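Values in this document were obtained by computation on a predicted structure and should not be read as measured data. For this chain, numbers begin at 1 and follow the sequence in order.
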Amino acid sequence: MKKKNILLLLIFLVLIFLNKNVLIYRPLLNFVPTKTITGKIINKKNFLRRGFLTNASNFYYEFHINGKDYYNPSYDDNYKIGDFVLIEYSESFPFMNRIKEVQ
């Protein structure tokens with residue numbers, strides 16, 4: 001019984017790790033100092049569930065801070081390659097970022 005619980009916990013932790021951008025990083029941006037920068041949609045695909053079979057995907061965005069490149073999925077299939085987007089990112093940890101929604 002104990003091995004089963006440990007296995008379930010490990011599976012749960014792996015799932016959180018694989019989805020850390022959506023589950024942890026993006027929500028944390030509501031509580032830390034952020035800056036904004038212009039990013040660009042690039043020709044790198046983020047395949048959605050079963051996307052390799054159905055071709056369901058969206059594109060990544062990229063931006064640059066202090067000579068370092070950062071990439072993340074846009075999670076929105078309305079963006080096309082070459083579109084410019086406003087990125088909100090953590091001042092201390094730029095890998096925590098998201099597309100800023102226009103109000």
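Residues satisfying the side-chain contact (heavy atoms from CB on, under 4.5 Å) test with Asp69, not counting sequence neighbours, are His64, Tyr71. Every residue two or more places apart in sequence or in another chain that forms a side-chain contact (heavy atoms from CB on, under 4.5 Å) with Leu7 is listed here: Ile11. Phe95 meets the side-chain contact (heavy atoms from CB on, under 4.5 Å) test with Tyr25, Tyr70, Phe93; sequence neighbours excluded.
Taking the side chain as every heavy atom from C-beta outward, Leu86 and Ile99 never approach each other to under 4.5 Å.
To the nearest 0.5 Å, the span separating NZ on Lys100 from CD1 on Ile37 amounts to 13.5 Å. Rounding to the nearest 0.5 Å places CZ of Arg98 at 4.5 Å from CG of Leu29. A distance of 13.0 Å separates NZ in Lys44 from OG in Ser57, rounded to the nearest 0.5 Å. Note that CD1 of Ile41 is 12.0 Å distant from OH of Tyr60, once rounded to the nearest 0.5 Å. Atom CD of Glu91 and atom CD1 of Ile65 lie 10.0 Å apart (nearest 0.5 Å). Going from atom NZ of Lys40 over to atom CD1 of Ile81 covers 10.0 Å, rounded to the nearest 0.5 Å.
Linking ILVMFWY residues whenever their side-chain heavy atoms come closer than 4.5 Å, directly or via other members, places Tyr79 and Tyr89 in the same cluster.
With hydrogens and angles disregarded, a donor-acceptor distance shorter than 3.5 Å links the side chain of Ser74 to the backbone of Phe59.
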Q | Asn97/Asn72 under side-chain contact (heavy atoms from CB on, under 4.5 Å): CA gap, chis, key distance, verdict | A | CA-CA 8 Å; Asn97 58 73; Asn72 261 326; 2.7 Å; yes

